Structure formats: structure tokens, C-alpha cells
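Reviewing the structure listed below.
Keep in mind the model is a prediction, meaning the values are calculated, not measured. To find a chain, count down the sequence lines: A is the first, B the second, and so on, and within it residues start at 1. These values consider heavy atoms only, across backbone and side chains, with no hydrogens, waters or symmetry-generated copies.
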2 protein chains.
Amino acid sequence: MAKRPPTIPDSELDVLKVLWDRGQATVREALETLRSAGRQWSYATVATLLDRLESKGLVTSDRRELAFIYKPVISNQEVRQKRVTNLVDKLYQGEPGLLVLHLLKSHPLDAEQAREVRAVLDQMVGEKSRKKEK
Amino acid sequence: MAKRPPTIPDSELDVLKVLWDRGQATVREALETLRSAGRQWSYATVATLLDRLESKGLVTSDRRELAFIYKPVISNQEVRQKRVTNLVDKLYQGEPGLLVLHLLKSHPLDAEQAREVRAVLDQMVGEKSRKKEK
DNA sequence: CCTATCCTAAGACAAATGTCTCATAACGTC
DNA sequence: GACGTTATGAGACATTTGTCTTAGGATAGG
């Protein structure tokens with residue numbers, strides 16, 4: 001029985017996001033933030049989630065005075081990376097292009113972002129045609 | 001206690017994909033397909049997954065002769081849509097542009113796809129500046 | 001009719017997820 | 001030094017996910 005690799009469930013992700021936003025937080029601080037963001041959790045729930053994140057090695061805790069202070073170990077970027085890759089693999093036959101196309105069609109960008117995207121595209125093609133002249 | 005809305009776990013998604021690919025399948029057919037795709041499941045596992053998909057209303061079954069024939073009710077498109085929206089909301093502040101940018105940087109497209117993307121972009125901007133002249 | 005097959009039904013069972021309750025330790029204040 | 005506040009620890013408990021076992025019905029050949 002292969003043990004399942006650790007995942008980040010939605011609830012834990014919400015907590016993790018708080019840590020990303022503030023850099024670090026105690027259980028109570030995280031709770032406050034989550035409360036004002038609409039999450040109706042009890043103190044214990046947040047504590048449990050932080051605990052689980054820690055056992056997965058995604059955050060560290062450091063006891064300062066009264067309470068534990070939690071900090072993220074994994075970055076927003078890393079999580080994004082994993083999720084996106086997973087999505088592309090599972091639903092877009094590993095073809096990131098399909099996802100990009102889909103995104104553009106179903107979630108239109110504003111002009112500013114369109115410009116940025118174009119810029120990145122240009123650069124990409126440029127590199128390719130210049131065959132890494134460096 | 002608000003009952004959680006039904007989700008589609010990974011294992012069920014794999015089965016659903018088989019239905020999308022072949023249009024329909026019996027348990028055994030799905031099993032075969034999954035086997036050749038590397039999944040080492042028992043017959044019962046596949047049966048359970050199809051059963052769960054059915055109770056979630058995502059597939060229907062229709063008894064023909066010997067076995068049940070399962071067909072997808074939800075489309076690939078719908079699932080993609082949900083997943084993408086969720087991803088954008090959860091990890092990209094609801095900004096699809098951020099995800100597009102990220103995708104282009106981390107998963108480069110080939111020239112062909114780059115062209116397509118550019119076309120879609122052009123059309124998007126075009127519509128905007130022309131103010132739906134139609 | 002008997003047996004080998006294939007099918008479904010029913011449910012088992014461990015791990016993960018979503019949430020919480022309660023006991024208990026430490027702190028600050030009168 | 002007893003009291004209320006806040007923190008942690010331990011674990012409860014229902015649901016979902018991942019996967020399988022086993023019993024029993026229908027079917028196909030001999």
C-alpha cells in the first residue's frame with residue numbers, strides 16, 4: 001500500500017495563505033485574519049490545521065513567549081507550480097497551451113494584462129528564433 | 001453542519017476521463033482501459049468509483065444485457081471550467097492574467113501554440129477597441 | 001443440470017479531511 | 001494566591017477518499 005503523498009487540502013491552503021500574506025502568525029492571529037475574511041472557524045480548528053501543515057513539513061513553528069509562531073516553509077510559487085502542473089497533466093493532456101487558450105477564452109484579460117502576455121510571448125518566440133545566441 | 005458540496009477526487013477523475021474518451025463504458029471496459037494506462041486497480045475499485053460518480057450525479061448507468069453501461073453526464077469542459085476557476089480564485093487572487101503569465105513562464109509553448117494564443121489575444125483586443133461594431 | 005464466468009450488491013477498513021470539545025498549564029492582576 | 005484569560009495538547013467524531021473482499025445472481029458451455 002503506497003502511502004499517499006501529502007497534499008494540501010483546501011482548508012489548510014486557506015491557512016497557509018494567511019502565513020504568506022503576513023509572513024508569520026500565531027494561531028490567534030491567523031484566526032483573526034481568517035475571521036475577517038469570512039471563515040467561521042473555531043480557534044481549535046485553525047490550530048489543528050497549522051498542526052497538520054507542520055507535520056507535512058510545510059510550515060515551521062517557533063515558540064516565542066506565550067504562543068507558537070508559525071512561518072511558511074513552502075512558498076506560494078511552489079504551491080502554484082504544483083497545482084498548475086497537476087491541472088495541466090490531469091485535464092489538459094500535459095499541454096499547457098490548451099490551458100492558456102481555455103483561460104483566454106473563458107476568462108478574458110484586460111488590456112494591460114493582454115499587453116504583458118504579448119510581451120512574454122514575443123520574448124519566448126524571440127529566444128527560439130535566435131537560437132540562443134546569448 | 002453544511003454538507004460539503006460534491007467534489008471529484010483524483011481517482012474518480014481518472015475513471016471519468018475514460019468515459020470521456022470512449023463515450024461510455026462498462027466497468028470491465030473501464031478497467032481494461034485504466035489498466036493499459038498504468039492504473040493497477042481491481043475490478044471492484046473501478047465499480048466503486050463509477051458508483052460514487054453516479055451518486056454524485058456525474059454519470060448515468062443504463063443496464064444493457066449483462067452489464068451496466070456508464071455514460072458521463074458532466075463534460076470535460078465543465079470540469080475544466082470549475083477547476084480553472086477554482087485555481088484562479090484560490091491561488092491567483094481571481095486574476096486569470098496572473099495564471100496565464102505564470103503558465104507561459106514555467107511551461108513554454110511551442111511556436112504553433114504561441115501563434116494560436118496570439119491570435120486569440122488579437123481578437124480579444126480587437127473586440128474591445130472596436131467596441132463590438134459586429 | 002453443473003460448473004466456470006462475469007456481473008452487481010453490500011460493506012469493510014484505513015487514511016485523510018473538516019471541525020470541534022475538553023482538560024490542563026502559564027500569565028497577569030488585584 | 002485565587003481568578004479569569006489565553007495557549008497548548010489530546011483526542012473525538014463524521015464524512016470522504018482509496019481500495020478491496022466476499023456473497024450471490026445470471027449466463028454460457030458442455
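- Annotation: side chain of B/Val84 is in contact with side chain of A/Tyr92 (closest heavy-atom distance under 4.5 Å).
- Here the side chains of B/Gln81 and A/His107 are in contact, with some heavy-atom distance below 4.5 Å.
- Between B/Val27 and B/Ala47, the closest heavy-atom pair is CG1-N, 3.9 Å.
- The CZ atom of A/Arg39 sits 10 Å away from the P atom of C/dC20 (whole-angstrom rounding).
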Show me the protein contacts with nucleotides 14-17 of chain D, counting only N or O atoms at under 3.5 Å.
unit_1, atom_1, unit_2, atom_2, d
D/dT15, O2, B/Arg4, NH2, 3.3
D/dT17, OP1, B/Thr7, OG1, 2.4
D/dT17, OP2, B/Lys56, NZ, 2.9
D/dT17, O2, A/Arg4, NH2, 3.3

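- Note on A/Thr45: every side-chain N or O is 4.0 Å or more away from OP1 and OP2 of C/dG18.
- Put simply, the side chain of A/Glu32 does not reach to within 4.5 Å of the side chain of A/Ser36, judged on heavy atoms.
- At least one test fails for B/Arg28 against the ring of B/Tyr43: distance under 6.0 Å to the centre or angle within 45° of the axis.
- Ion pairing between B/Glu29 and B/Arg22 holds under the 4.0 Å rule for side-chain N and carboxylate O.
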Show the distances under 3.5 angstrom between N or O atoms of the protein and N or O atoms of nucleotides 4-11 of chain C.
unit_1, atom_1, unit_2, atom_2, d
C/dC7, OP1, B/Arg28, NE, 3.4
C/dC7, OP2, B/Arg28, NE, 2.2
C/dC7, OP2, B/Arg28, NH2, 2.6
C/dC7, O5', B/Tyr43, OH, 3.4
C/dT8, OP1, B/Phe68, N, 2.8
C/dT8, OP2, B/Tyr43, OH, 2.5

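- Residues A/Val117 and A/Glu112 are not in side-chain contact: their nearest non-hydrogen atoms beyond the backbone lie 4.5 Å or more apart.
- Consecutive Watson-Crick or G-U pairs involving DNA chain C, each under 3.5 Å on both distances, make up stems of three or more pairs at C:1-30 with D:1-30.
- With salt bridges taken as basic N to acidic carboxylate O contacts below 4.0 Å, one links A/Arg39 and A/Asp14.
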